[in-house]
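Note that the numbering runs from 1 along the sequence shown for the chain.
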Amino acid sequence: MAVLMTQEQIKEVIPHRDPFLLIDEINEMEVGKRVVATKYMKEDEFWFKGHFPDYPVVPGVLMLEMCAQAGAVAMLSMPENKGKIGFFGGVKEAKFRRQVLPGDTLKIEVEIIKVKGPVGVGKAIATVDGEKAVAAEISFAIK
């Protein structure tokens, strides 16, 4: 898959930093409309040590955060949002369908479906090898 933005370029758009920058690259983007991002699940990710030591699995809430960060790149890439921060506003209809494990590659797709002023809603789907891992409607506020 083509790399449109590296992690260093992502840092120019959103304020997240290690250990909480949770997306590795942007592969496709229509600024303010949709984004496709990738997260490579390395065995040494900080959460695997404690979630769970004998059966490492990506926490569902972190997958939602990955979706939110991808959506933030699409929204904060808009010239009028440069230098701003996107905050989680809510999560609706979150469904976790598949465990995500060390070595997996998570493909994250977010479509912005509604924006009214600084508040918006995105439809997020994350998959591993085409198999849905999580889907949710996420809302955000830009400040």
Side-chain angles (χ1 to χ4, degrees), residues 1 3-78 81-143:
M1 190 175 300
V3 177
L4 185 63
M5 295 173 77
T6 66
Q7 202 171 58
E8 286 306 308
Q9 292 166 312
I10 292 168
K11 288 180 188 179
E12 295 174 14
V13 178
I14 62 174
H16 302 75
R17 297 295 182 266
D18 189 51
F20 220 71
L21 177 56
L22 301 180
I23 53 177
D24 293 321
E25 58 194 36
I26 299 297
N27 309 104
E28 299 175 28
M29 183 166 57
E30 290 179 62
V31 173
K33 296 184 181 186
R34 70 179 287 278
V35 66
V36 177
T38 300
K39 172 65 180 164
Y40 300 101
M41 299 300 168
K42 298 177 282 305
E43 291 187 18
D44 64 350
E45 301 288 1
F46 71 87
W47 54 81
F48 286 140
K49 289 189 294 184
H51 195 270
F52 301 98
D54 296 326
Y55 192 85
V57 61
V58 179
V61 295
L62 289 185
M63 288 190 282
L64 290 173
E65 176 65 22
M66 292 167 197
C67 293
Q69 289 184 19
V73 172
M75 292 305 297
L76 298 179
S77 291
M78 297 173 69
N81 293 332
K82 184 173 175 57
K84 295 184 179 180
I85 298 175
F87 291 93
F88 242 132
V91 178
K92 287 173 66 175
E93 305 292 325
K95 300 250 190 298
F96 301 95
R97 307 272 187 204
R98 177 196 195 284
Q99 293 177 354
V100 179
L101 308 171
D104 284 345
T105 297
L106 194 66
K107 178 182 177 186
I108 303 154
E109 300 177 71
V110 180
E111 177 186 0
I112 306 303
I113 58 174
K114 180 179 170 187
V115 177
K116 186 171 183 178
V119 177
V121 178
K123 179 181 169 189
I125 298 171
T127 58
V128 175
D129 295 327
E131 190 178 345
K132 194 179 295 182
V134 63
E137 184 178 284
I138 54 177
S139 61
F140 58 87
I142 297 173
K143 301 213 184 256

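Rounded to the nearest 0.5 angstrom, Q69 CD and I26 CD1 are separated by 9.5 Å. To the nearest 0.5 angstrom, E30 atom CD is 12.5 Å from S77 atom OG. Note that the CE atom of M78 and the CD1 atom of I142 stand 7.5 Å from one another [nearest 0.5 Å].
E45 and K39 get closest at one heavy-atom pair: OE2-NZ, 3.0 Å. When all heavy atoms of L64 and V134 are compared, the pair lying nearest together is CD2-CG2, 4.0 Å. Here the closest heavy-atom approach between residue E28 and residue L4 is recorded as C-CD2, 4.0 Å. The heavy-atom pair separating M66 from I23 by the smallest distance is O-CG2, 3.6 Å. Minimum heavy-atom separation, A136 to V91: CB-CG1, 4.1 Å. In terms of heavy-atom proximity, F48 sits nearest to P56 at CD2-CB, 3.5 Å.
Side chain of H51 to backbone of V58: no donor-acceptor contact under 3.5 angstrom is found. S139 places a side-chain N or O within 3.5 Å of a backbone atom of G90 that can act as its donor or acceptor partner.
Look at E131 and R97 and you find no salt bridge, because none of the NZ, NE, NH1 or NH2 atoms lies under 4.0 Å from a carboxylate O.
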Under 3.5 Å, sequence neighbours excluded: what are the donor-acceptor pairs made by side chains of residues 104-130?
residue, atom, partner, partner atom, Å
D104, OD2, R98, NH1, 3.2
D104, OD2, L101, N, 2.8

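By the 4.5 Å heavy-atom criterion applied to side chains, F140 and I85 are not counted as neighbours.
Within a 6.0 Å radius of NZ in K42, more than 12 heavy atoms belonging to other residues, nucleotides or ligands are found.
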